[in-house]
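Counting begins at 1 with the first residue of the sequence.
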Amino acid sequence: QAFTYNETTLHPQRRPKAMMTKRKLLLSALAMLSIAGLAACNPAATDKDFAAVIHEAKTNYVGDNSKVIAIVSNLTYPHGAKFNSIEIHSAQEPYGLDVYLKTEGHSPTADDLFKNAAVTFSLIGNLGQLNYLDANNHRPLASFSRTNTQERLKASQENSLEKIANSPESIKSYLEQ
């Protein structure tokens, strides 16, 4: 017969206490997951928070990857496209960002993605080039430069990058136009 040595071999009275601690941890984890699941299912809270989250992530640098991810992952994309990943190009100017989107069925076009691009440029100060790609096959969906985006906004006389990024409310208002 093999002999095993562990804490409960020396102190059998500690076994129930250890089991209770594990049970408490498990129940606590389940409770936290349930609360997180309920919060995620509340569309009013999610809708209210996305503009505040992306405005709070506003940054001067495309290299600030946590803020850049917070911005592009919290935007809603057209035609059911969903954020998948990013690739940052910050070795030389113009600094760029590739946003990979998972698409199903109809892929969004450049016109569909323009508002997302305008918001992204408005919140990332030194972003010069923005590309949207299909995450499945890396096929380009749309490309935007800061200059062309600013000119298109100016021509429409509706907005500017500065106005869009002014507040969470201005971001929401622009996206709802």
Side-chain angles (χ1 to χ4, degrees), residues 36-37 39-156 158-177:
C41 292
N42 183 353
T46 305
D47 183 46
K48 182 186 86 169
D49 295 339
F50 93 94
V53 168
I54 64 175
H55 186 265
E56 187 176 302
K58 184 177 179 179
T59 179
N60 289 324
Y61 306 105
V62 72
D64 190 344
N65 62 353
S66 60
K67 288 187 176 188
V68 170
I69 290 170
I71 293 166
V72 297
S73 69
N74 282 292
L75 284 170
T76 301
Y77 293 94
H79 300 294
K82 297 195 183 322
F83 171 81
N84 183 7
S85 62
I86 64 168
E87 187 175 340
I88 295 173
H89 304 282
S90 59
Q92 62 186 30
E93 291 190 52
Y95 301 123
L97 176 64
D98 292 345
V99 178
Y100 292 90
L101 301 175
K102 284 192 176 191
T103 60
E104 293 180 20
H106 182 70
S107 296
T109 65
D111 285 338
D112 297 331
L113 291 165
F114 180 77
K115 286 188 176 186
N116 294 77
V119 169
T120 302
F121 280 118
S122 75
L123 295 171
I124 304 171
N126 70 345
L127 179 60
Q129 181 68 35
L130 177 59
N131 305 306
Y132 291 101
L133 299 108
D134 189 314
N136 300 320
N137 57 21
H138 297 248
R139 182 178 54 83
L141 299 171
S143 290
F144 301 93
S145 71
R146 176 177 289 279
T147 304
N148 290 345
T149 303
Q150 286 174 319
E151 288 172 2
R152 184 169 164 184
L153 287 170
K154 194 177 197 179
S156 71
E158 293 176 16
N159 256 307
S160 68
L161 294 178
E162 295 77 24
K163 284 182 185 176
I164 294 169
N166 196 34
S167 69
E169 292 77 23
S170 62
I171 292 169
K172 227 174 161 181
S173 173
Y174 174 70
L175 290 172
E176 291 171 354
Q177 290 178 359

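Taking both residues in full, the closest heavy atoms of Ser90 and Val62 are given as CB-CG1, 4.3 Å, listed atom of the first, atom of the second, then distance. The minimum heavy-atom distance between Asn159 and Ser156, with the atom names listed, is N-OG, 4.4 Å. Heavy atoms only, all atoms of each residue included: Ser160 and Leu153 are closest at C-CD1, 4.1 Å. Minimum heavy-atom separation, Gln150 to Glu162: NE2-OE2, 4.4 Å. In terms of heavy atoms, Leu141 sits closest to Pro108 at CB-O, 4.0 Å. Scanning both residues, Ala165 and Ser170, for their nearest heavy atoms gives C-OG, 4.1 Å.
Between Leu130 and Ile124, every side-chain heavy-atom pair lies at or beyond the 4.5 Å cut-off. With a 4.5 Å cut-off on side-chain heavy atoms, Asn136 and Asn84 do not count as touching. Within the 4.5 Å cutoff, side-chain heavy atoms of Leu161 are placed close to those of Arg146. Between Ile171 and Leu123 the shortest side-chain heavy-atom distance falls below 4.5 Å. Using a 4.5 Å heavy-atom cutoff, the side chains of Asn131 and Ser143 are in contact. Side-chain contact between Tyr77 and Val72 is present, with at least one heavy-atom pair separated by less than 4.5 Å. Contact annotation: the side chain of Asn148 approaches that of Glu151 to within less than 4.5 Å [non-hydrogen atoms, C-beta and beyond].
For the pair Asn74 (side chain) and Phe50 (backbone), a donor-acceptor distance under 3.5 Å is absent. With Gln129 contributing its side chain and Phe144 its backbone, the two residues share a donor-acceptor pair below 3.5 Å. Distance alone, capped at 3.5 Å, places no donor-acceptor pair between the Ser173 side chain and the Glu169 backbone.
Atom CZ of Phe121 is separated from atom CG of Leu97 by 8.5 Å, given to the nearest 0.5 angstrom. The distance from atom CG of Leu133 to atom OG of Ser107, rounded to the nearest 0.5 Å, is 11.5 Å. In this structure, CD1 on Ile86 lies 4.0 Å from CD1 on Ile69, to the nearest 0.5 angstrom.
Few gaps surround CZ on Phe83; more than 12 heavy atoms of other groups in view lie less than 6.0 Å from it. Environment of CD in Glu56: sparse, with no more than 12 heavy atoms of neighbouring residues, nucleotides or ligands closer than 6.0 Å.
Judged as a side chain to side chain donor-acceptor pair (under 3.5 Å), and not counting sequence neighbours, His55 has no contacts. Residues that satisfy the ring-ring contact (aromatic ring centres under 6.0 Å, His included) test with Tyr100, not counting sequence neighbours, are His138.
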Distance-only criterion, 3.5 Å: show the donor-acceptor pairs between side-chain atoms of residues 110-120 and protein atoms not counting sequence neighbours.
residue: Asp112; atom: OD2; partner: His79; partner atom: NE2; Å: 2.9
residue: Asp112; atom: OD2; partner: Thr109; partner atom: N; Å: 2.9
residue: Asp112; atom: OD2; partner: Thr109; partner atom: OG1; Å: 3.1
residue: Lys115; atom: NZ; partner: Tyr174; partner atom: O; Å: 3.3
residue: Lys115; atom: NZ; partner: Gln177; partner atom: O; Å: 2.3
residue: Asn116; atom: ND2; partner: Thr76; partner atom: O; Å: 3.0
residue: Thr120; atom: OG1; partner: Asn116; partner atom: O; Å: 2.8

